[in-house]
Amino acid sequence: MHDLGGMHGFGPVTIEEAEPVFHEPWEGRVWRMVRAVIGPGTTTDRIRYTIEQMPPGDYLAASYYERWLWAVERLATEQGLLDSSDRLPVIERPSPVTPTWSGRFQPGAVVRVGNPVTTGHTRVPRYLRGHVGRVERIAFAWPNPGESAEKGVYGQPELVYTLAFAGRELFGAGADHTLTADVAERDLEEP
């Protein structure tokens, strides 16, 4: 449910002129709770995965920070922050690193984005699944988001590629732009 980009029936994305970071003061407090309370005890992907567990009707009716608050409440309970139980140990957030190993694909290669079926967490945008793009570069190495979401600790790093897609490949003949996206190696296949 996390990625609705490119889906039919949701209309265009509204871009707000001079959009503030927070529309209401409580949104800033929710952001701070995620950063100061939840962030040190779990992974970014675990937070995303938790948000994705919202009932679809609630998710679609909620604002961005209402979704975050929903996840904060659940993760705080999971981590024992709301009672006297032992807290989970603090984990260190990794930084994207330049890989020291070669990947399956090189810049210029044509690849197809897979269509993973999972009940867990994936970072493959729905509008890219099954489409063909070109590798622009090996971007970085980053822990597998599915593993990080499931375990709540950062998993083994994997290669992430920056891919370029012709707009017409994704959105039809009228789209004359190029879209770039970062996709993990495990989610790519030969076309």
Side-chain angles (χ1 to χ4, degrees), residues 1-7 21 30-54 59 64-65 67-68 70-72 74-75 78-79 88-166 169-170 178-191:
M1 194 79 211
H2 79 286
D3 187 359
L4 301 176
M7 292 186 65
V21 174
V30 170
W31 181 85
R32 187 69 184 145
M33 282 191 286
V34 169
R35 303 293 299 172
V37 178
I38 303 297
T42 193
T43 68
T44 302
D45 293 302
R46 182 71 176 186
I47 294 169
R48 290 174 176 149
Y49 174 72
T50 302
I51 292 171
E52 293 163 10
Q53 302 313 302
M54 285 184 80
Y59 183 95
Y64 182 78
Y65 286 104
R67 294 173 191 146
W68 278 34
W70 192 90
V72 165
R74 275 135 193 91
L75 289 170
E78 177 181 303
Q79 294 181 15
L88 297 175
V90 172
I91 61 172
E92 186 172 334
R93 179 182 163 85
S95 296
V97 297
T98 301
T100 57
W101 65 95
S102 298
R104 290 175 26 219
F105 307 105
Q106 298 302 314
V110 176
V111 296
R112 180 178 304 279
V113 178
N115 187 12
V117 176
T118 177
T119 57
H121 177 71
T122 178
R123 296 301 300 161
V124 180
R126 191 175 310 208
Y127 58 87
L128 295 180
R129 297 178 188 179
H131 290 281
V132 173
R134 181 180 42 78
V135 174
E136 285 202 335
R137 66 185 180 107
I138 298 172
F140 52 86
W142 183 255
N144 177 311
E147 184 180 354
S148 299
E150 178 185 345
K151 296 179 179 176
V153 295
Y154 289 100
Q156 292 298 311
E158 61 183 0
L159 292 180
V160 177
Y161 297 84
T162 298
L163 306 178
F165 297 88
E169 166 73 13
L170 302 176
T178 299
L179 181 142
T180 59
D182 293 337
V183 180
E185 185 173 78
R186 76 173 50 239
D187 297 313
L188 300 177
E189 56 193 43
E190 301 285 340

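The structure displayed is predicted, hence computed values, not measured ones.
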**Set of side-chain contact (heavy atoms from CB on, under 4.5 Å) partners for A164, sequence neighbours left out** = R134, E136, T178, T180
**Prompt:** Of all residues at least two apart in sequence or in a different chain, which pass the side-chain contact (heavy atoms from CB on, under 4.5 Å) check with V132?
**Reply:** V110, R112, E169, P191
**Salt bridge E147-K151, side-chain N to carboxylate O under 4.0 Å** = yes
**Message:** With side chain to side chain contact (heavy atoms under 4.5 Å, CB included) as the test, pick out the partner of F105 among I138, L159, L188.
**Reply:** L188
**Request:** Would you check if the side chain of S148 reaches a backbone N or O of T43 as a donor-acceptor pair within less than 3.5 Å?
**Result:** no
**Message:** Any side-chain to backbone donor/acceptor pair from Y154 onto T44? Under 3.5 Å, distance only.
**Reply:** yes
**Asked** Can you list every pair that meets side chain to side chain donor-acceptor pair (under 3.5 Å) and has a residue in residues 182-191, with sequence neighbours left out?
**Response** E158-R186, Y161-E185, T162-D182
**Request:** Using the side chain to side chain donor-acceptor pair (under 3.5 Å) rule, collect all pairs that involve residues 97-109, keeping only residues at least two apart or in two chains.
**Result:** none
**Distance-minimising heavy-atom pair for A71 and I51** = CB-CG1, 3.5 Å
**Prompt:** Does any non-hydrogen side-chain atom of W70 lie less than 4.5 Å from one of Q53?
**Reply:** yes
**Message:** If the condition is ring pair (Phe, Tyr, Trp, His ring centres under 6.0 Å), which residues does Y65 pass it with, not counting sequence neighbours?
**Reply:** F22, W68
**Prompt:** Can L128 and L179 be said to form a side-chain contact (heavy atoms from CB on, under 4.5 Å), step by step?
**Reply:** CA-CA 10 Å; L128 295 180; L179 181 142; 4.1 Å; yes
**Prompt:** Roughly how far, to the nearest 0.5 Å, is CZ of R74 from CD1 of I47?
**Reply:** 14.0 Å
**Request:** First locate atom CZ of R129, then atom NE2 of H131, and finally report the distance between them rounded to the nearest 0.5 Å.
**Result:** 11.0 Å
**Request:** Please report the C-alpha distance between V113 and L163 in whole Å, then the side-chain angles of each, then the deciding distance to 0.1 Å, and finally whether the side-chain contact (heavy atoms from CB on, under 4.5 Å) criterion is met.
**Result:** CA-CA 10 Å; V113 178; L163 306 178; 4.1 Å; yes
